[in-house]
Amino acid sequence: MNITRIISRSLRIIAVAGALALLFSCGGAGGSTGQTYTAGTYTATAPGYNGDVTVAVKLSKNRIAGVRVMKHNETPGISDLAITGIPKAIVDGQTLAVDTVSGATFSSKAVIAAVTAALKEGGADIEKLMVPGALKDKEADVSLSADVVIIGAGGAGMAAGVSAHQNGATVIILEKMPKVGGNTISAGGAMNAVDEGSETALKNKDSVALHFKQTYEGGDKKGDEALVKTLVENAWPAIAWLQSMGMKFLPEPFTVTGGLWPRAHKPVDPVGTGFFKTYNAYIDANKGIEVVLNTRAEKLIIENGRVTGVQARGQTGNIVTVKAAKGVIIATGGFGQNVAMRQEYNKAWPTLDESVKSTNHPGATGDGILMAKDVNAALVQMENIQLLPLGDPVTGSLSGNIETDVEKRIFVNIEGKRFVDEGARRDTMTLALFKQPQAKLWIIVDAHSYPQGTVKNNFNETIDDLVAAGRAFKGETLEELAKAIGVPPENLVATVAEFNKHVASKTPDQFGRTLFSEPLDKGPFYAGARIPTVHHTMGGIKIDVDTHVIDVNGKIIPGLYAAGEVTGGIHGTNRLGGNALADITVFGRIAGTNAAMGK
Ligand code: ADP
């Protein structure tokens, strides 16, 4: 394994991805491919996740000389590897039999389809190009070492890595996927935090005490009080820390779905990409902190009762042994994509079998929980699995959503009737959704609440983009919209009229909704379909406020720390929207600092 190459590639992915997309990926010398092309440059287009992806393919007589993505609207940070990596793989291998990028499958397929179309134009024998190249040889086993070793390069792992390094440690972060980011990079991006006593907090009647109360009570008082206190008290310092490294947030906090209060701080960069731009910039600028991609941790190494390292496996199956002089931090995220674990622990939901989709990236398979269990770590509240009522009906992801403030939208079922307080807790909304026919809802907004053509959702899509892609529907009147989505028009009209009465009177409606802003009375009206989707696993490894991992006998496991979604017991039965990014950043920082200091 060429560690250096992998590391440097990982560090530059996000920073240079945009620029790279504009350059041709050009192949080296290479041998003959047995193909004869009509030399020239061919362009072609294929549908991606957010509209068309256009490529240009340069062909010489016998080679694919270059591939370039000319135009696309895929989500930055998430699609980057597909946009840059797939053209390179096609040129390097002189083949169309390239792997899609996990977590960016739609974008990958779009690039491959567009290149295929361009190659056809250039006279390629596509069938021959579909033959995969030879499997890579197994690389040699590798031994590495650092003061602090972190498993997982998501939000918690990267926060831990940077803070460990800031506290004087050398750091290696192992990541099993070909890119950093985990679930965090595609998270909504909203981070709850109260700048106690600030003008904004006073204006919103917010305080750290209220954040504590809502978090604790919002999880039915099942969260660990000391962990909740640590979370809310350190959330604003975590934002200040991110800002000190250059991360930018919008000036005004807002109420995120299930967040209950306007205290969610939204980064300027889309979805969770701002966090990684910030951490990557730090890692790029400093020696002694490295990310090793495509390397899956499999086992914790224990010597004399202390965790002293990690045994991992590289992409070709070779063993990568990483010794940790000071500590190992597990930051592997949750198990939202591990259907067997979901089914094993689920108690609250009708089912969590494969029929229920997930917002999570494919690597959220609970590996860290299993590794910790193997060394006798205690697991807590594993049955607390959070679903959202906002999944894309095809993929389960959050994209394609008509994103607007909680105050400005309603949900109706396929009969055109409301069924829940849209400002309620996430579990309340999703349980109510499961009881609706087909467990499907339509988000309804109007021209007030969702100005046409201007507002982009987190995935860089305007409402017009969504309508053009068939993922949202439009009607000049409510009746027209109802017909477009197959809902009885009289029901939708009556539902909206009843809702508007409460907007005018600001009185709680029959579902107890109290969050209102403007009436839904200005065409055009829009609707988008949504389904229940597994979003966050709130149970996991038991930690104390210093992020030490606690064993089944209540004792600290020396040398072992954990942070982020892999841990359990902070959020209780229900996590407040906006608290995950606060959780992973706060506890990631604590873990990094304590591991570096040997605390
Ligand atoms: P959090 O929000 O807690 O940081 P994320 O899902 O954002 O969680 O990040 C967790 C990261 O850990 C992901 O990038 C995931 O691919 C990585 N990961 C999970 N299991 C392993 C493993 N066995 N070895 C290395 N990395 C892992």
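Throughout, numbering of the chain's residues begins at 1 and tracks the sequence. Just so you know, ligand 1 is whichever comes first in the structure, and atom 1 is the first atom listed for that ligand.
In this structure, Asp427 pairs ionically with Arg425, as a charged nitrogen and a carboxylate oxygen lie closer than 4.0 Å. Here Lys88 pairs with Asp92 in a salt bridge; the nearest charged N to carboxylate O distance falls below 4.0 Å. Electrostatic pairing of Lys229 and Asp224 does not count as a salt bridge here, judged by no charged N lying under 4.0 Å from a carboxylate O.
The ring of Trp236 has its center closer than 6.0 angstrom to the ring center of His265.
Ring geometry, Phe106 versus Tyr49: the interplanar angle exceeds 60°, so the pair is classed perpendicular (tilted spans 30 to 60°).
Among residues two or more places apart in sequence or in another chain, the side-chain contact (heavy atoms from CB on, under 4.5 Å) test is passed with Thr184 by Phe276, Leu581, Ile584.
Residues of the protein with a heavy atom under 4.0 Å from ligand 1 are Ile151, Gly152, Ala153, Gly154, Gly155, Ala156, Leu174, Glu175, Lys176, Met177, Gly181, Gly182, Asn183, Thr184, Thr295, Arg296, Ala297, Ala331, Thr332, Gly333, His361, Gly363, Asp367, Met371, Gly564, Glu565, Ile584, listed by chain and number.
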